[in-house]
Amino acid sequence: MGEWVYSNIEKEMAVYGYDSVVKSHCRMCHGGCGVLVYTKDGRVAKIAGDPACPINHGTLCSKGIASAQLAYHPDRLTYPVRRIGPKGSGKWERISWDEALDTIAERILRYKEGFGAESIVMGYGTGRENEAVIYRFANLLGSPNVLTAGHFCYGPRIATSIITCGTNPIVDYENHPGCIMVWGNNLVISNPDCYKGEPFSVSLNKGAKLIAVDPRLTRIAARADVWLQLRPGTDTALALGMLNVIVNEGLFDRDFVENHVHGWEPFVKRVNEYPLDRVEQITWVPENKIREAARLFATTKPAAIQWGVAIEQQINCADNNRALMALMGITGNIDVPGGQVLFQSPKIRNVGYFGAHRMLPDIQSEKRLGGDRFRLGGNFAIINPKCVWDAILEEKPYPVKMLFFISSNPVMTRANAREVYRALEQVEFMAVSDFFMTPTAELADIVLPAATWLEMDYIGDFWKRHGYILPRRKVIQVGECRSDHEMLNDLAHRVGQGEHWWDNFEQALNWILEPMGITWKDFKKMDYIRGDVRYQKYKTHGFSTPTRKFELYSTLLEKWGYDPLPQYREPPESPYSTAELYKTYPYILITGARSPGFFHTENRQIPWLRELDRDPVVEIHPETAKIEGIGQGDWVVIESPRGKVRQRAKLSAGIDPRVVSAQHAWWFPEKEGPGHGWDESNINILTDNSYESCDPAMGATHVRTLLCRIYPEKKNGGNL
Ligand SMILES: Nc1nc2c(c(=O)[nH]1)N[C@H]1C(S)=C(S)[C@@H](COP(=O)(O)OP(=O)(O)OC[C@H]3O[C@@H](n4cnc5c(=O)[nH]c(N)nc54)[C@H](O)[C@@H]3O)O[C@H]1N2
Ligand SMILES: Nc1nc2c(c(=O)[nH]1)N[C@H]1C(S)=C(S)[C@@H](COP(=O)(O)OP(=O)(O)OC[C@H]3O[C@@H](n4cnc5c(=O)[nH]c(N)nc54)[C@H](O)[C@@H]3O)O[C@H]1N2
Ligand code: SF4
Ligand SMILES: [Mo]
């Protein structure tokens with residue numbers, strides 16, 4: 001393979017006059033794909049997939065290919081700025097890095113002294129491979145408050161798998177599962193976390209059976225042997241129904257159940273509370289389909305569940321995860337080739353260690369916002385965003401004085417966006433690090449210009465659980481942009497953390513790699529390193545849980561005061577739990593299905609990517625459209641009890657007529673004015689963040705199970 005790549009590269013270089021080709025590691029999404037970056041006259045001229053990379057085998061998505069349009073975008077921030085007018089005025093002046101970091105450091109020290117380190121909240125959104133440095137900085141500062149998307153994204157999968165079996169089980173596509181159950185996930189579009197759509201598609205082409213659990217007829221659902229079109233938010237009931245079939249028909253793995261699980265009897269009692277007639281009523285999925293899927297999953301070996309974020313953005317977040325883990329476990333698919341493997345990382349200092357979690361004193365960790373309310377989240381250093389907004393707006397339980405967002409756009413991406421906006425307007429001091437002046441950055445006091453993946457050296461996939469690490473190599477420098485790693489390393493020295501940091505970030509990379517006896521310079525010459533691959537490790541070591549077993553019955557959840565077994569709760573807003581409201585808001589609203597070119601709020605200004613989707617789109621069934629007088633492509637108003645926004649209608653027979661699916665994260669960089677239309681189509685104006693509506697253990701907000709009404713914009717006089 002390697003030879004093929006290089007002979008072609010030489011030909012291409014000669015024909016097109018490229019001056020170099022750098023092997024690197026894309027991070028336009030959660031990252032992962034190996035790339036070849038071609039340069040000409042010192043600039044990136046082309047990006048191609050690296051066929052020798054074990055993650056993507058030469059394939060790339062549209063975002064990876066368009067990376068240079070991000071790096072060289074004319075609107076990019078290329079130097080630090082300070083706001084000189086009122087918040088949102090759009091008036092900024094250029095300052096030096098020294099002045100920017102000195103100002104931020106001075107505020108940090110001032111608030112720590114006056115209000116305690118907990119009054120400073122560090123924040124990021126989804127994973128950008130900077131989370132380990134952010135946690136390190138916060139923990140050493142003594143702040144237990146790092147606001148991430150972890151309450152309703154990926155954090156729940158990690159937290160629940162750690163308490164159930166010690167780590168996150170990853171689908172082993174390299175050994176081709178015989179059956180794949182894709183649950184609330186659309187990986188051929190989203191390529192999320194540890195996964196890429198390509199190896200999944202290869203396993204399908206090799207003949208894997210496919211079950212899809214999704215309220216929409218996605219491309220994956222269209223290829224499925226069984227498609228379960230469930231009512232949004234009823235996943236736990238569906239999984240318990242499938243478990244009921246597997247338990248009562250004796251389709252489980254007896255050896256695994258007898259020797260390796262904890263809590264079988266109470267578990268069986270619980271699944272018996274979910275007979276299929278009850279489950280059909282809750283989920284809207286016909287009994288026979290549930291049975292067919294359960295049998296197919298349990299009797300095809302090996303089998304795996306490809307789970308996605310949809311199961312997490314609900315009141316049943318933790319229990320959805322736990323019920324799906326029970327399905328993986330009792331069918332004997334944990335840690336077997338082609339099943340779900342508890343992969344081991346290479347022997348380096350891992351993200352948890354780098355994040356210095358152990359260095360946060362207990363007395364500070366006890367102050368974590370919402371830690372006593374959402375105890376599963378709190379125990380994994382994850383906080384619910386509303387706790388931060390309340391601490392700013394009402395100073396409860398103590399005042400938060402400073403926010404430092406490093407790669408997040410919370411006015412677009414967190415529930416109840418108007419409350420988020422108010423909190424950001426009110427907070428005493430806010431710093432942001434980003435590529436662009438986003439609606440969130442517009443409310444900051446200081447904005448720092450961040451480097452893209454093309455502008456940094458780093459150990460790619462360091463945080464993932466698939467067992468690989470790959471070098472990301474710096475190719476270019478744009479303006480004064482700096483990586484978040486270098487920026488925080490520098491800031492740490494200014495707030496008295498110097499002894500725990502390095503003279504430059506290359507030394508940090510050396511420190512991470514040190515246990516393997518190599519340096520960054522050695523690693524830079526390598527393609528990748530993979531941890532040891534061994535299966536069924538539990539047979540000799542047990543699972544890394546309090547009982548050393550696979551905990552169907554969670555002893556930790558019990559200790560923290562929760563039901564130790566998965567159970568179904570009706571969504572906080574639904575045709576059944578809020579029947580009165582349903583009369584006025586007669587559709588179930590799901591939000592956030594991904595589109596290929598965007599990454600949440602990102603890329604709306606990238607020409608190749610905006611061309612793929614010009615406008616925000618809401619999917620509705622043609623019958624619903626007819627009832628509401630909506631035509632294909634019309635601008636429509638979507639309204640919930642909390643507000644309304646506009647998107648364009650896309651009619652699709654692949655969605656239940658009672659459900660509508662709206663896109664999230666839409667703003668319009670091309671619009672004049674500091675807000676750039678942040679509240680016109682932002683679906684999080686409609687979402688709910690009340691504590692009662694969140695998952696009680698994890699603190700996840702239910703951005704996928706709302707009620708709404710929908711009507712043509714013109715009926716409303718054209719104004720919102
Ligand atoms: N209604 C609804 N809301 C949702 C979702 C949904 O499905 N429905 N999904 C949720 C999920 S799963 C998530 S994870 C969150 C994501 O929430 P966020 O992470 O807040 O979303 P992004 O738009 O990706 O914001 C990232 C910002 O960081 C910048 N950025 C990107 N890379 C870097 C970097 O390396 N360094 C720095 N300093 N800046 C960088 C980008 O320009 C962008 O402005 O959104 C959530 N919001
Ligand atoms: N291009 C692109 N890629 C991305 C992102 C992006 O914004 N754009 N975001 C990244 C991030 S942070 C994340 S978390 C991942 C998420 O990636 P995925 O996990 O693939 O999530 P989604 O595409 O949001 O949703 C998956 C499916 O869940 C379905 N769904 C909605 N409600 C429910 C429900 O109640 N139950 C079930 N079973 N299914 C439901 C939707 O119809 C959708 O098809 O993608 C990552 N990758
Ligand atoms: S899937 Fe992610 S890592 Fe791969 S090319 Fe696309 S953006 Fe880059
Ligand atoms: Mo996410």
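Keep in mind the model is a prediction, meaning the values are calculated, not measured. The basis for the numbers below is simple: all heavy atoms, side chains too, and nothing from hydrogens, waters or symmetry mates. Order of listing sets the numbers, starting from 1, for every ligand and every atom in it.
Among protein heavy atoms, the minimum distance from atom 35 (O) of ligand 2 is reached at G233 N, 2.8 Å. The nearest heavy-atom contact from the protein to atom 2 (Fe) of ligand 3 is C29 SG, 2.2 Å. Counting only heavy atoms of the protein, atom 12 (S) of ligand 2 lies nearest to H600 NE2, 2.8 Å. Of all protein heavy atoms, the one lying nearest to atom 4 (Fe) of ligand 3 is C33 SG, 2.3 Å.
Between P571, S190, G654, C153, it is S190 that holds the heavy atom closest to atom 46 (C) of ligand 2. Closest to atom 22 (P) of ligand 2 by heavy atom, among R704, Q229, Q306, is R704. Of all the listed residues (R157, R594, R216, H30), R594 holds the heavy atom that lies closest to atom 16 (C) of ligand 2. Nearest residue to atom 28 (O) of ligand 2 from A310, C29, G127, P215 is A310 (criterion: closest heavy atom).
Side-chain contact between V309 and R594 is present, with at least one heavy-atom pair separated by less than 4.5 Å. Side-chain contact between L327 and I246 is present, with heavy atoms from C-beta onward closer than 4.5 Å. Residues V660 and I588 form no side-chain contact, since every pair of their non-hydrogen atoms from C-beta on lies 4.5 Å or further apart. The shortest side-chain heavy-atom distance between W183 and I311 falls under the 4.5 Å cut-off.
If you look at P232 next to ligand 2, the close heavy atoms, those under 4.0 Å, come from the backbone and the side chain alike. Under 4.0 Å from ligand 3, the heavy atoms of K196 that appear belong solely to its side chain. Using a 4.0 Å cut-off between heavy atoms, F598 contacts ligand 2 through its backbone alone, with no side-chain atom that close. Heavy atoms from both the backbone and the side chain of N186 come within less than 4.0 Å of ligand 2. When heavy-atom distances to ligand 2 are checked against a 4.0 Å cut-off, A149 has no atom that comes that close, whether in backbone or side chain. At a heavy-atom distance under 4.0 Å, only side-chain atoms of L230, from C-beta outward, approach ligand 2. With a 4.0 Å cut-off on non-hydrogen atoms, I590 touches ligand 2 through its side chain and not its backbone.
In terms of modelled atom types and a separation under 3.5 Å, the side chain of Q229 and the main chain of V285 share no donor-acceptor contact. Under a 3.5 Å cut-off, the side chain of K289 and the backbone N or O of V226 do not form any donor-acceptor pair. Remark: side-chain polar atoms of Q306 are not paired, donor with acceptor, to backbone N or O of N185 under 3.5 angstrom. Within the 3.5 Å criterion, the main-chain N or O of P657 finds a donor-acceptor partner in the side chain of T624.
One finds no salt bridge joining E602 and K63 here, because no Lys/Arg side-chain nitrogen approaches an Asp/Glu carboxylate oxygen to under 4.0 Å.
Every heavy atom of S661 sits 4.0 Å or more from the atoms of ligand 2. Heavy atoms of K63 come nearer than 4.0 angstrom to ligand 2 in at least one pair. In this structure, Q314 has a heavy atom closer than 4.0 Å to ligand 2. Within the 4.0 Å heavy-atom cutoff, N185 counts among the residues contacting ligand 2. Ligand 2 lies out of reach of I311, whose nearest heavy atom is not under 4.0 Å from it.
The nearest N, O or S atom of C61 is closer to atom 6 (Fe) of ligand 3 than 2.8 Å.
Ring geometry for H485 against Y458 counts as parallel: the plane angle stays under 30°, on a 0 to 90° scale with 60° as the upper cut.
Between H30 and Y195, the ring center distance fails the sub-6.0 Å criterion.
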